[in-house]
2 protein chains.
Amino acid sequence: MCQAVWSTTVSTSEPPRVPPAGSAFLLTQLGTHAASAFAERIARLDLTPPQTGLLRVVASEPGRSQQALAQQLGTPPTRLVALVDGLEERGLLERRRNPGDRRLHAVHLGPAGEKLMGEIRDVAREHDDAVLAPLDDDERARLRELLGKLADAHGLTPGVHPGYRHLGAPDAKGAPGDQAS
Amino acid sequence: MCQAVWSTTVSTSEPPRVPPAGSAFLLTQLGTHAASAFAERIARLDLTPPQTGLLRVVASEPGRSQQALAQQLGTPPTRLVALVDGLEERGLLERRRNPGDRRLHAVHLGPAGEKLMGEIRDVAREHDDAVLAPLDDDERARLRELLGKLADAHGLTPGVHPGYRHLGAPDAKGAPGDQAS
DNA sequence: TATTGTTATACTCTATAACTATA
DNA sequence: TATAGTTATAGAGTATAACAATA
């Protein structure tokens with residue numbers, strides 16, 4: 001994917017510029033930046049963000065069914081299958097049949113997965129530091145407080161982030177993507 | 001598209017939960033939320049976020065070539081063509097041949113486009129208010145300051161937001177998407 | 001008949017490459 | 001030959017729908 005762009009412009013130089021960006025736009029812009037920065041970092045472990053999210057969820061509560069995982073993650077079960085497939089091949093996840101109900105596949109972390117979790121945490125910490133680098137400790141604390149308040153008020157699930165696409169963007173000739181404001 | 005999810009979880013209830021989300025993750029989460037909320041709002045005008053971004057850029061500096069626009073927006077020129085096509089059909093944009101160099105297409109706002117800009121600004125204001133609703137004036141000011149500092153330090157172009165996809169996500173069986181942290 | 005997981009298929013969006021016209 | 005724009009093609013990523021196994 002190579003989305004990009006689509007925007008607005010804060011007054012800068014000579015030519016007339018679009019009205020100054022509001023905080024909501026800054027939020028989108030920074031969120032996008034943070035997301036892609038994380039994707040780059042986590043690629044070192046040969047993981048994509050969705051894979052990482054799945055690993056973390058499984059690590060936090062091993063042995064759940066794929067249905068349960070799909071529901072928590074808000075993704076169609078069908079997508080989870082492919083995701084688990086890829087991680088299972090690498091020994092990061094394991095599917096275990098449930099003797100009680102043989103339809104179920106309890107998903108657990110594989111040995112390699114356990115080891116990887118530590119590295120994932122390192123990368124996450126590193127990422128957080130990099131993003132917040134421009135702020136001092138006091139500013140970081142205030143930012144966290146404000147963001148937390150917003151996330152809370154908007155009902156964002158603590159660990160799960162809302163979908164992106166298909167929400168807006170009816171269709172319209174051109175093409176959707178993800179600017180926002 | 002119906003991305004979703006992929007994440008981490010802040011300690012909440014009984015089962016062991018993943019480490020608390022850092023501010024960087026909150027940023028991604030809120031950015032995603034803001035983006036989709038904007039997409040929903042702007043859909044009222046029958047526009048997608050990319051279309052909106054293009055309109056704003058054209059409005060801010062009419063008459064530029066498609067190449068110039070593509071470069072500013074960071075999108076391949078080929079994509080701009082389709083985008084302009086759709087908006088031109090609706091009378092929102094106009095292509096005017098440059099008599100000096102007949103290869104160029106100067107892109108201007110059409111009559112309908114001029115009118116729409118006002119509504120776009122209304123929607124943007126409305127969106128900003130909705131996102132920031134949970135905060136009081138003082139908090140909004142502080143948030144804006146902090147976000148501005150971050151955006152600036154990370155070299156985010158004032159009005160244009162960085163791409164999303166293809167940056168991270170090498171390939172990996174499953175599928176990429178956009179969590180982040 | 002309902003449910004878990006799976007496979008197969010179609011669709012959306014975007015990028016890459018090839019082509020036309022001007023220069 | 002180089003550049004603006006366009007068209008055509010292909011690929012990545014995701015969702016929807018049909019299917020098999022188990023209950």
Side-chain angles (χ1 to χ4, degrees), chain A residues 1-6 39 48-51 53-54 63-71 73-86 88 93-107 163-179, chain B residues 1-6 39 48-51 53-54 63-86 88-89 93-107 163-179:
Chain A
M1 315 151 163
C2 192
Q3 200 82 303
V5 175
W6 318 123
T48 64
Q51 291 177 320
L54 173 57
R64 292 199 293 162
S65 73
Q66 296 184 187
Q67 288 280 345
L69 292 171
Q71 188 171 22
L73 295 175
T75 190
T78 176
R79 191 179 169 197
L80 221 122
V81 174
L83 222 36
V84 173
D85 281 349
E88 191 175 35
L93 287 183
E94 283 180 14
R95 276 186 250 238
R96 303 188 193 155
R97 277 281 183 206
N98 183 333
D101 186 337
R102 302 230 320 267
R103 290 174 304 184
L104 296 165
H105 273 165
V107 182
Y164 208 61
R165 294 70 170 299
H166 95 143
L167 291 168
D171 81 284
K173 256 324 175 32
D178 39 40
Q179 126 150 50
Chain B
M1 315 155 164
C2 193
Q3 200 81 305
V5 174
W6 317 123
T48 62
Q51 290 177 320
L54 174 57
R64 291 199 292 163
S65 73
Q66 297 184 187
Q67 288 280 346
L69 292 170
Q71 189 171 24
Q72 174 174 356
L73 295 175
T75 190
T78 176
R79 192 179 168 195
L80 222 124
V81 174
L83 222 36
V84 173
D85 282 348
E88 190 175 35
E89 276 176 14
L93 286 183
E94 283 179 14
R95 276 188 250 237
R96 302 187 194 154
R97 276 282 185 206
N98 183 331
D101 186 337
R102 302 231 320 269
R103 290 174 304 184
L104 295 167
H105 273 164
V107 182
Y164 208 60
R165 295 71 168 298
H166 94 143
L167 291 168
D171 82 283
K173 253 323 174 34
D178 39 40
Q179 125 150 47

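Every heavy atom of this structure was used, including side-chain atoms; hydrogens, water molecules and symmetry mates were not. Proteins come first, then strands; the chains are lettered A, B, ... in the order of their sequence lines, and each starts at number 1.
Residue A:R102 contributes atom CZ, which lies 15 Å from atom C1' of C:dT3 at whole-angstrom precision. Whole-Å rounding puts the B:Q71 CD to D:dA4 P distance at 10 Å. Atoms CG (B:L83) and C1' (D:dG5) sit 15 Å apart, rounded to a whole Å. For the pair B:L80 CG and C:dT14 C1', the interatomic distance rounds to 13 Å; values are reported in whole Å. Counting to the nearest Å, the P atom of D:dT3 and the CG atom of B:D101 are 12 Å from each other. At whole-Å resolution of the value, CG in B:N98 and C1' in C:dA21 are 15 Å apart. Taking atom CZ of A:R79 as the reference point, atom P of C:dT4 lies 20 Å away to the nearest angstrom. Atoms CZ (A:R97) and P (C:dT4) sit 13 Å apart, rounded to a whole Å.
Closest approach of B:Q66 to B:R95, counting heavy atoms only: OE1-NH1, 2.7 Å. For B:L104 against B:S65, the heavy-atom pair with the smallest separation is CD2-CB, 3.8 Å. Of all non-hydrogen atoms in B:R97 and B:R102, the two that sit nearest each other are NH1-O, 2.5 Å.
The line from CD of B:Q71 to CG of B:L80 is 12.0 Å long, rounded to the nearest 0.5 Å.
Side-chain atoms of B:T78 come within donor-acceptor range of the base of D:dT7, with a qualifying N/O pair under 3.5 Å. If you check distances only, the side chain of A:T75 never reaches the base of D:dT14 with a donor-acceptor pair under 3.5 Å. Taking 3.5 Å as the limit, the base of C:dT3 and the side chain of A:R103 contain a donor-acceptor pair of atoms between them.
Side chain of B:P76, nearest nucleotide from C:dG5, C:dT16, D:dG5: C:dT16. The B:R95 side chain lies nearest to D:dT6 when the options are D:dT6, D:dG5, C:dT14.
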